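Accompanying notes for the structure given below.
Lettering of chains follows the sequences in order, A, B, ..., and the numbering in each one begins at 1. Keep in mind that this is a model prediction, so the values were computed, not measured.
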Amino acid sequence: MRILEEDFYRRDTVQVARELLGKILIHESKEGLTSGIIVETEAYYQGDPACHATRGRTKRNAVMFGPAGIAYVYFVYGKHHCFNVVTGEEGSGEAVLVRALEPLEGVELMKRRRGDKCPYRRLSSGPGNLCSAMGIKGEHSGVSLLVAPLYICNDGDEVASADILVTSRVGISRGEELLLRFYIKNNPYVSRR
DNA sequence: GCTTTGATGCACT
DNA sequence: GTGCATCAAAGCG
């Protein structure tokens, strides 16, 4: 397994969103290590009305305008965190939202963080659940994904394009129904079919 | 400084 | 399937 380099992220945002499927997100927290296979992503690029960076740089979205390979985490709906990866050229303000993981390591820790009553397949299904299970919080916004404790690895297995489904994004109220959501076909851990 | 609303998840029917 | 908690940042004046 190899940590993905900045070169991987500094490319077309839609391409990065597709290729992130099947990669492994790892967080080495104080409480322990958790990891999972990325099974669902969404692309947010410049010019897209639903993208946080569309209306210019603000305090919240500032890290989106930084170099690729940086985590962008934000708080939404008064309860939930969402985890994004900054992509494209520095200053473009583009990112990929990671929406769901298939739990791999540290499952017990995830269960503890999510609550014992949580069904296994919903441990990290959905942007808010994913952050909760992985222990990702607002403090992780702006940290590099190129080094520990938070990084993404390539396990060598590319996901065949036949196994990738493309749909419109979830929860978008502004903008057109763009086909910018990608997920692995028949994977039980995606947040929604 | 005041109001609106959102890249959601969960409890409840 | 539907309603709603909950709050910071954005948008407006």
Side-chain angles (χ1 to χ4, degrees), chain A residues 9 12-18 20-21 23 25 34 36 38-66 68 70-88 92-103 110-143 145 150 152 164-184 187-193:
Chain A
Y9 301 105
D12 177 72
T13 298
V14 173
Q15 186 71 15
V16 175
R18 287 183 78 101
L20 274 176
L21 294 177
K23 299 295 187 288
L25 175 64
T34 49
I38 297 173
V39 297
E40 181 180 348
T41 63
E42 285 182 6
Y44 288 85
Y45 63 88
Q46 203 172 31
D48 169 14
C51 178
H52 285 175
T54 292
R55 288 186 287 263
R57 185 182 183 127
T58 65
K59 188 178 180 182
R60 176 170 72 157
N61 67 24
V63 307
M64 285 182 83
F65 291 90
I70 302 290
Y72 168 48
V73 181
Y74 71 96
F75 193 59
V76 76
Y77 295 126
K79 288 179 135 73
H80 308 290
H81 291 278
C82 293
F83 171 72
N84 305 252
V85 182
V86 177
T87 58
S92 62
E94 307 194 346
V96 172
L97 168 69
V98 180
R99 288 186 54 85
L101 297 178
E102 175 177 336
M110 291 187 189
K111 290 190 92 152
R112 214 179 314 145
R113 290 202 272 228
R114 298 275 296 116
D116 286 336
K117 57 186 191 227
C118 178
Y120 186 81
R121 75 164 51 104
R122 288 185 203 138
L123 275 179
S124 53
S125 173
N129 292 335
L130 176 158
C131 286
S132 174
M134 294 293 287
I136 295 174
K137 295 167 282 191
E139 67 198 59
H140 295 100
S141 199
V143 307
L145 292 171
L150 187 60
I152 300 177
I164 298 177
L165 290 184
V166 185
T167 67
S168 55
R169 294 174 297 184
V170 176
I172 305 294
S173 59
R174 295 204 67 93
E176 300 157 29
E177 291 295 309
L178 301 167
L179 299 178
L180 293 173
R181 174 168 175 259
F182 306 93
Y183 64 92
I184 298 180
N187 188 292
Y189 302 96
V190 302
S191 61
R192 183 202 148 213
R193 290 188 303 149

Can you check whether [Y]'s main-chain N or O pairs, donor with acceptor, with [X]'s side chain at less than 3.5 Å?
X        : Y        : result
A/Ser141 : A/Val73  : yes
A/Ser125 : A/Ala100 : no
A/Ser124 : A/Leu101 : yes
A/Glu102 : A/Val39  : no
A/Gln46  : A/Gly93  : no
A/Arg114 : A/Ser132 : no

Can you tell me the distance, in whole Å, between the [atom1] atom of [X] and the [atom2] atom of [N]?
X        : N     : atom1 : atom2 : result
A/Arg60  : C/dA9 : CZ    : P     : 8 Å
A/Leu123 : B/dG9 : CG    : P     : 13 Å
A/His81  : B/dG9 : NE2   : C1'   : 14 Å
A/Leu20  : B/dA7 : CG    : P     : 20 Å
A/His52  : B/dT8 : NE2   : C1'   : 12 Å
A/Asn61  : B/dG6 : CG    : P     : 17 Å
A/Arg55  : B/dT5 : CZ    : P     : 12 Å
A/Phe182 : B/dA7 : CZ    : P     : 18 Å

If you only use heavy atoms from C-beta on, which nucleotide in [options] is closest to the side chain of [X]?
X        : options               : answer
A/Phe75  : B/dG9, B/dA7, C/dA8   : C/dA8
A/His80  : B/dG9, B/dA11, B/dA7  : B/dG9
A/Tyr44  : C/dA10, B/dA7, B/dT8  : B/dA7
A/Met64  : B/dG9, B/dA7, C/dA10  : B/dA7
A/Tyr77  : C/dG11, B/dG6, B/dA7  : B/dG6
A/Asn129 : B/dC10, C/dA9, B/dA7  : B/dC10
A/Tyr72  : C/dA10, C/dA5, B/dA7  : B/dA7
A/Thr58  : C/dA10, C/dG11, B/dA7 : C/dA10
A/Pro127 : C/dA9, C/dT6, B/dG9   : B/dG9

ask   = Where does DNA chain C pair, written as one dot-bracket string 5' to 3', with Watson-Crick or G-U pairs under 3.5 Å, ( ) inside the strand, [ ] for crossing pairs and | for another strand?
value = |||||.||||||.

ask   = Mind checking the C1' distance from C/dC12 to B/dA7? Whole angstroms is fine.
value =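 So the two C1' atoms sit 23 Å from each other.
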
ask   = Taking atom types as modelled and ignoring hydrogens, do the side chains of A/Thr167 and A/Arg181 form a donor-acceptor contact shorter than 3.5 angstrom?
value =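 Yes, A/Arg181 and A/Thr167 have a side-chain donor paired with an acceptor closer than 3.5 Å.
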
inquiry  = Side-chain N or O of A/Arg114 versus OP1/OP2 of B/dC10: is the shortest distance under 4.0 Å?
reply    =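 Looking at the OP1 and OP2 atoms of B/dC10, one of them is under 4.0 Å from a side-chain N or O of A/Arg114.
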
task = Tell me what A/Arg122 touches on the nucleic acid: a base, only sugar-phosphate, or nothing, going by heavy atoms under 4.0 Å.
result =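 No contact.
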
query = Parallel, tilted or perpendicular: which describes the rings of A/Tyr189 and A/Tyr120, with under 30° parallel and over 60° perpendicular?
reply =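 The rings of A/Tyr189 and A/Tyr120 stand perpendicular, inter-plane angle above 60°.
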
